[in-house]
Amino acid sequence: MGYDPNNIFAKILRGEMPCHKIYEDQETFAFLDIMPRAKGHTLVLPKKPAVNMFDVHPDSLCAVIRTVRLLTPIIKSAMGADGVVIQQYNEAAAGQTVFHLHFHIIPRYQGVPLKHHGTTPQQDEILAQNAAAIRAALEKAGL
Ligand code: 5GP
């Protein structure tokens, strides 16, 4: 399957759909998942089109992983999490539902089970609060 420029994340990247953005640089973009598996669940994308691991340019992939590395400790601390899971799905058979490459940063809280993948929409107000807390922590870190 080729890249569909009308997938939801392409629309978010073009500013045609809203999101709770937390970070952006020249090559990457990060925002909160609207169906978070845990508080602070964040998605990190390359700006360049790529369906998944099978077609992404290595330079683009490096940029995304750099951003994941940059954001993960700040999200963990801002959300008061105890640990973090990093996930990335390739193809529908593996659980991929949006076909623009992305990494999931999922904070984990001791004793709190993860919600199911992509099933429970979070209230916009709560997403806005979590995004504001993460952005404030990023700003404090000079980002
Ligand atoms: P995938 O299964 O492709 O790895 O994950 C796609 C993720 O995108 C899911 O966790 C799902 O909750 C999230 N998602 C789907 N549609 C939207 C949307 O319109 N906005 C945001 N922020 N997240 C979305």
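Sequential numbering from 1 along the given sequence is applied to the chain's residues.
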**Student:** Do any N or O atoms from the side chain of Asp33 and from the backbone of Leu43 form a donor-acceptor pair under 3.5 angstrom?
**Tutor:** no
**Student:** Show me the side-chain donor-acceptor pairs of residues 131-143 shorter than 3.5 Å, one per line, residues at least two apart or across chains.
**Tutor:**
{"from": "Arg135", "atom 1": "NH1", "to": "Lys21", "atom 2": "O", "distance (Å)": "2.6"}

**Student:** Where do Lys76 and Gly83 come nearest, in terms of heavy atoms and distance?
**Tutor:**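 For Lys76 versus Gly83, the nearest heavy atoms are CE-N, 3.9 Å.
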**Student:** Do Ile75 and Pro107 have side-chain heavy atoms sitting under 4.5 Å apart?
**Tutor:** yes
**Student:** With the side chain counted from C-beta on, respond yes when His57 and Pro46 share a heavy-atom pair under 4.5 Å apart, and no when they do not.
**Tutor:**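 No, every pair of side-chain atoms sits at 4.5 Å or beyond.
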**Student:** Quick one: do Phe54 and Glu91 satisfy side chain to side chain contact (heavy atoms under 4.5 Å, CB included)? Show the steps, please.
**Tutor:** CA-CA 9 Å; Phe54 301 118; Glu91 306 292 1; 3.6 Å; yes
**Student:** Could you tell me whether the side chain of Ser60 and the main chain of Pro58 form a donor-acceptor pair under 3.5 Å?
**Tutor:** no
**Student:** Would the distance check show the side chain of Gln96 and the main-chain N or O of Val51 forming a donor-acceptor pair, the cut-off being under 3.5 Å?
**Tutor:** yes
**Student:** With heavy-atom distances below 4.5 Å as the criterion, would you say the side chains of Asn130 and Ile22 are in contact?
**Tutor:** no
**Student:** Provide the closest heavy-atom pair for Leu61 versus Met53 in the form atom of the first, atom of the second, distance.
**Tutor:** CD2-SD, 3.7 Å
**Student:** Please name the pair of heavy atoms, one in Ala81 and one in Tyr109, separated by the smallest distance, quoted to 0.1 Å.
**Tutor:** CA-CE2, 3.4 Å
**Student:** Could you go step by step and tell me if Val44 and Tyr23 meet the side chain to side chain contact (heavy atoms under 4.5 Å, CB included) rule?
**Tutor:** CA-CA 9 Å; Val44 184; Tyr23 177 83; over 6 Å; no
**Student:** Any link between Val64 and Tyr3 through a network of hydrophobic side chains (Ile, Leu, Val, Met, Phe, Trp, Tyr) touching at under 4.5 Å?
**Tutor:**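 No, no single cluster joins them.
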**Student:** Kindly compute the distance separating CZ (Phe9) from NZ (Lys47), expressed to the nearest 0.5 Å.
**Tutor:**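 With rounding to 0.5 Å, CZ (Phe9) is 15.5 Å from NZ (Lys47).
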**Student:** Is a side-chain N or O of Glu24 found less than 3.5 angstrom from the main chain of Gln26, in a donor-acceptor match?
**Tutor:** no
**Student:** Quick one: side chain to side chain contact (heavy atoms under 4.5 Å, CB included) partners of Gln87, sequence neighbours excluded?
**Tutor:**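 Scan of Gln87 (side chain to side chain contact (heavy atoms under 4.5 Å, CB included), adjacent residues dropped) gives Arg37, Val85, Tyr89, His104, Ile106.
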**Student:** Are Ile105 and Val56 grouped together when hydrophobic residues (ILVMFWY) are joined by side-chain heavy atoms under 4.5 angstrom apart?
**Tutor:**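 Same cluster.
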**Student:** Determine yes or no for a side-chain-to-main-chain donor-acceptor pair under 3.5 angstrom, with Thr72 supplying the side chain and Val68 the backbone.
**Tutor:** yes
**Student:** Any sub-3.5 Å donor-acceptor pair from Arg108's side-chain atoms to Ala38's backbone N or O?
**Tutor:** no
**Student:** Taking atom NZ of Lys48 as the centre, does the number of heavy atoms from other residues, nucleotides or ligands within less than 6.0 Å exceed 12?
**Tutor:** no
**Student:** Between Leu101 and Leu70, is there a shared hydrophobic cluster once you connect ILVMFWY residues whose side-chain heavy atoms come closer than 4.5 Å?
**Tutor:** yes
**Student:** Taking the side chain as everything from C-beta on, heavy atoms only, tell me whether Asp4 gets closer than 4.5 Å to Phe99.
**Tutor:**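 Side-chain contact under 4.5 Å: no.
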**Student:** With the 4.5 Å side-chain cut-off for hydrophobic clustering, are Ile34 and Leu71 part of the same group?
**Tutor:** yes
**Student:** Indicate whether the side chain of Asp124 and that of His20 have a donor and an acceptor atom separated by less than 3.5 Å.
**Tutor:**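 A pair is found: one side chain offers a donor N or O, the other an acceptor, under 3.5 Å apart.
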**Student:** Do Leu114 and Met35 sit in one hydrophobic cluster, given that two such residues count as connected whenever their side-chain heavy atoms are within less than 4.5 Å of each other, even indirectly?
**Tutor:** no
**Student:** Would a distance-only check, ignoring hydrogens and angles, find a side-chain to backbone donor-acceptor pair under 3.5 Å from Thr67 to Ala63?
**Tutor:** yes
**Student:** Which value, rounded to the nearest 0.5 Å, describes the distance between Asp25 atom CG and Arg66 atom CZ?
**Tutor:** 8.5 Å
**Student:** Specify the closest pair of heavy atoms between Asn6 and Arg14, including all atoms of both residues, with the distance to one decimal.
**Tutor:**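 So the minimum-distance heavy-atom pair works out to OD1-NH2, 3.4 Å.
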**Student:** Are there more than 12 heavy atoms of other residues, nucleotides or ligands under 6.0 Å from atom CD of Glu16?
**Tutor:**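 Counting other residues, nucleotides and ligands, CD of Glu16 exceeds 12 neighbours.
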